[in-house]
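Numbers for residues simply follow the sequence, beginning at 1.
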Amino acid sequence: MSPLLTPARTRGFLRATAAAVALSSVLLTAACGASDDSGRDAKATAAAPAGFPVTIDNCGVRTTYDRPPSRVVTIHQHPAELMLALGLGDRMVGTAFPDSAVLPELKKDYEAIPELAEREPSFEKILDAEPDFVYGGYGSAFAEKEGRSRKAFADAGIDTYLNREYCGKGQVTMKDTYDEIRTIGKIFGVPDRADKLVTDLRSRVAKAAAEVEGEHEVPVFVYDSGDKSAFTAGGKGLGTELIRLAGGRNVFADLDDVFGDVSWEQVVERRPEVIAIYDYAGAGSVQEKKKYLLSQPALADVPAIRNKRFVVLPLTATLVGIRSAYAVDDLARGLHPESFR
């Protein structure tokens with residue numbers, strides 16, 4: 001079956017920790033005991049990193065970190081790129097499920113980290129890497145039916161974090177991207193790096209948005225995959241916000257979900273002027289998607305098809321992560337090329 005026929009996409013060593021018990025056969029005097037306790041307390045205080053402990057509420061899971069995680073496995077590409085952009089590559093012991101080509105400036109660091117699997121790795125494979133923290137991009141990172149629930153990791157003494165886009169709390173915006181970066185910066189004790197990265201990304205978005213300010217809103221249809229129906233970006237996903245910032249309008253912004261299926265009749269009725277193709281592994285190539293769309297007689301009078309106006313975005317650029325700011329610029333150039341001449 002052609003990948004285009006399947007619109008769905010995957011979107012969760014038990015390390016035993018033994019308590020060491022020190023036995024003493026000699027009782028010290030109360031004075032000595034008090035002195036020893038004081039010394040231990042002072043040492044523990046001195047060893048605690050600045051800014052810790054840190055308590056984070058994430059998708060209904062509350063975790064307190066006494067110190068930054070030191071052995072991290074990321075599942076899906078956008079968490080990995082966010083970690084690398086914060087200069088945390090030395091904490092990463094495994095990645096999994098690359099969706100698309102890595103940003104050029106991160107490619108060398110990314111390739112230095114072991115890839116545990118082409119898709120989501122098994123629970124056992126993750127545990128083999130001996131992580132103390134697992135960072136998932138889609139909800140499928142912690143799929144309970146595949147044995148990767150967050151509780152299973154917690155029972156193994158491993159902390160977890162899920163990208164906030166999959167917490168199910170309504171429409172996702174660029175603020176969620178900035179909050180995600182700052183939260184990860186806080187967990188890893190690098191808030192200054194996170195603030196700097198957010199400032200840089202905000203600047204990138206503002207610059208692109210300024211270039212198309214005052215231009216007409218271009219109706220945009222997002223084509224992820226599908227043939228019997230179209231799998232598209234709905235109003236709750238970050239994609240809708242990115243299109244708006246780039247001077248466009250998602251024609252399926254009224255779809256009350258991050259992604260969903262719509263009929264081709266609906267696509268024709270809404271007359272998009274540009275089609276944004278999401279590019280990622282396992283869903284057919286961009287060339288195959290364009291060929292399919294252009295070959296459908298029912299779509300022939302859709303303005304975007306008639307004028308062959310396509311914008312291609314890596315799927316990772318449309319998610320809560322560092323690439324979303326890049327996507328605004330790419331979209332703006334595709335929707336309003338005259339503004340960038």
Side-chain angles (χ1 to χ4, degrees), residues 11-12 15 17 44-45 47-96 120 123 126-127 129-144 148-199 201-202 236-238 258 319-324:
R11 304 280 204 251
R15 291 192 337 169
T17 50
T45 300
F52 286 83
V54 167
T55 298
I56 302 294
D57 289 312
N58 168 240
C59 300
V61 176
R62 170 169 285 198
T63 306
T64 296
Y65 300 88
D66 294 322
R67 62 191 69 256
S70 61
R71 295 183 60 83
V72 181
V73 167
T74 58
I75 305 177
H76 306 117
Q77 188 173 334
H78 47 303
E81 291 190 336
L82 196 159
M83 290 281 294
L84 291 173
L86 288 173
L88 297 170
D90 60 338
R91 318 275 185 96
M92 299 172 68
V93 296
T95 64
E120 291 94 347
F123 184 66
I126 296 169
L127 294 180
E130 301 186 16
D132 56 6
F133 183 87
V134 178
Y135 183 7
Y138 304 131
S140 58
F142 302 117
E144 185 172 357
R148 290 191 308 271
S149 70
R150 297 185 72 175
K151 183 180 184 302
F153 283 111
D155 289 345
I158 301 169
D159 294 324
T160 57
Y161 186 93
L162 176 61
N163 185 289
R164 67 188 58 225
E165 187 164 8
Y166 285 82
C167 290
K169 293 186 177 180
Q171 184 175 353
V172 179
T173 68
M174 282 300 294
K175 182 179 183 300
D176 290 288
T177 290
Y178 305 140
D179 288 348
E180 181 89 352
I181 292 168
R182 287 195 171 105
T183 299
I184 296 300
K186 189 175 182 181
I187 291 171
F188 285 88
V190 291
D192 291 345
R193 296 184 201 173
D195 287 342
K196 182 179 184 303
L197 180 56
V198 167
T199 298
L201 296 179
R202 280 186 184 276
K236 285 191 173 180
L238 185 58
V258 176
L319 306 168
V320 170
I322 63 166
R323 287 211 195 190
S324 50

Asks: Could you report the tightest heavy-atom contact between Gly185 and Ala194, atom names first, then the distance?
Replies: CA-CB, 4.0 Å

Asks: If you define the side chain from C-beta out and look only at heavy atoms, does anything of Ile56 sit under 4.5 Å from Val54?
Replies: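 They are in side-chain contact.
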
Asks: Can you find a pair of side-chain heavy atoms, one from Glu165 and one from Leu319, that are under 4.5 Å apart?
Replies: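 Contact flag for Glu165/Leu319 side chains = yes.
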
Asks: Is the Tyr138 to His78 ring centre distance short of 6.0 Å?
Replies: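 Aromatic pair counts; centres sit under 6.0 Å.
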
Asks: Go through Val61 and Thr63 one step at a time and tell me if the side chain to side chain contact (heavy atoms under 4.5 Å, CB included) criterion holds.
Replies: CA-CA 6 Å; Val61 176; Thr63 306; 3.9 Å; yes

Asks: Indicate whether the side chain of Arg148 and that of Ser140 have a donor and an acceptor atom separated by less than 3.5 Å.
Replies: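 No.
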
Asks: Out of curiosity, Ser324 OG to Ile181 CD1, how far, rounded to the nearest 0.5 Å?
Replies: 7.0 Å

Asks: With sequence neighbours left out, write down each residue that passes side-chain hydrogen bond (donor to acceptor under 3.5 Å, both in side chains) with Thr199, or none if nothing qualifies.
Replies: none

Asks: Rounded to the nearest 0.5 Å, how far apart are CG of Leu82 and CG of Leu197?
Replies: 7.0 Å

Asks: Say whether Thr95 and Thr74, considering side chains only, have a donor N or O and an acceptor N or O under 3.5 Å apart.
Replies: no

Asks: Quick one, Val134 with Phe153, criterion side chain to side chain contact (heavy atoms under 4.5 Å, CB included). Give me CA distance, side-chain angles, the key distance, then yes/no.
Replies: CA-CA 8 Å; Val134 178; Phe153 283 111; 4.0 Å; yes

Asks: List the residues meeting side-chain contact (heavy atoms from CB on, under 4.5 Å) with Asp195, not counting sequence neighbours, and say none if there are none.
Replies: Arg182

Asks: Quick check against the 3.5 Å criterion: does Asn163 have a side-chain atom that pairs as donor or acceptor with the backbone of Val320?
Replies: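 Looks like yes, one N/O pair under 3.5 Å.
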
Asks: Between Arg91 and Ser70, do the side chains contain a donor N or O and an acceptor N or O under 3.5 Å apart?
Replies: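 Side-chain D/A pair, Ser70 to Arg91: absent.
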
Asks: Return the CD to CD1 distance between Glu81 and Ile322, rounded to the nearest 0.5 Å.
Replies: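 If I round to the nearest 0.5 Å, the distance is 5.5 Å.
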
Asks: Are side-chain heavy atoms of Lys186 and Pro191 found at a separation under 4.5 Å?
Replies: no

Asks: With rounding to the nearest 0.5 Å, note down the distance linking OG1 in Thr160 to NZ in Lys151.
Replies: 12.0 Å

Asks: Once salt bridge (charged side-chain N to carboxylate O under 4.0 Å, His left out) is applied, what residue pairs with a partner in residues 50-62 remain, sequence neighbours excluded?
Replies: Asp57-Arg62

Asks: According to side-chain contact (heavy atoms from CB on, under 4.5 Å), who are the partners of Ala96, at least two apart in sequence or on a separate chain?
Replies: Pro121

Asks: What are the two closest heavy atoms between Cys167 and Asn58, and how far apart are they?
Replies: SG-ND2, 4.2 Å

Asks: Under the criterion side chain to side chain contact (heavy atoms under 4.5 Å, CB included), I'd like the reasoning laid out for Val172 against Arg164: C-alpha separation, chi angles, the key distance, then a yes or no.
Replies: CA-CA 9 Å; Val172 179; Arg164 67 188 58 225; 5.9 Å; no

Asks: Flag the pair Leu127 / Ile158 as yes when at least one side-chain heavy-atom distance between them is below 4.5 Å, and no otherwise.
Replies: yes

Asks: Indicate the atoms forming the closest heavy-atom contact of Pro79 with Gly136, along with that distance.
Replies: CG-C, 3.9 Å

Asks: Nearest 0.5 Å, what's the CG-OH distance between Leu162 and Tyr135?
Replies: 9.0 Å

Asks: With rounding to the nearest 0.5 angstrom, report the CE to CZ distance, Met174 to Arg202.
Replies: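 Rounded to the nearest 0.5 Å, the CE-CZ separation comes to 8.0 Å.
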
Asks: List for me each residue that meets side-chain contact (heavy atoms from CB on, under 4.5 Å) alongside Pro69, sequence neighbours excluded, and say none if there are none.
Replies: Tyr65, Val72, Asp132, Phe133, Ile187, Phe188

Asks: Given side chains that start at C-beta, do those of Phe123 and Ser149 come closer than 4.5 Å, heavy atoms only?
Replies: no

Asks: Is Asp192 paired with Lys196 through a side-chain N to carboxylate O contact shorter than 4.0 Å?
Replies: no

Asks: Could you list the residues that satisfy side-chain hydrogen bond (donor to acceptor under 3.5 Å, both in side chains) with Thr173, not counting sequence neighbours?
Replies: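 Applying side-chain hydrogen bond (donor to acceptor under 3.5 Å, both in side chains) to Thr173 gives none.
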
Asks: Do you know which two heavy atoms are closest between Asp66 and Pro53, and how far apart they sit?
Replies: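 Result for this residue pair: OD1-CB, 3.8 Å.
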
Asks: Check step by step if side chain to side chain contact (heavy atoms under 4.5 Å, CB included) holds for Val93 and Glu130.
Replies: CA-CA 8 Å; Val93 296; Glu130 301 186 16; over 6 Å; no

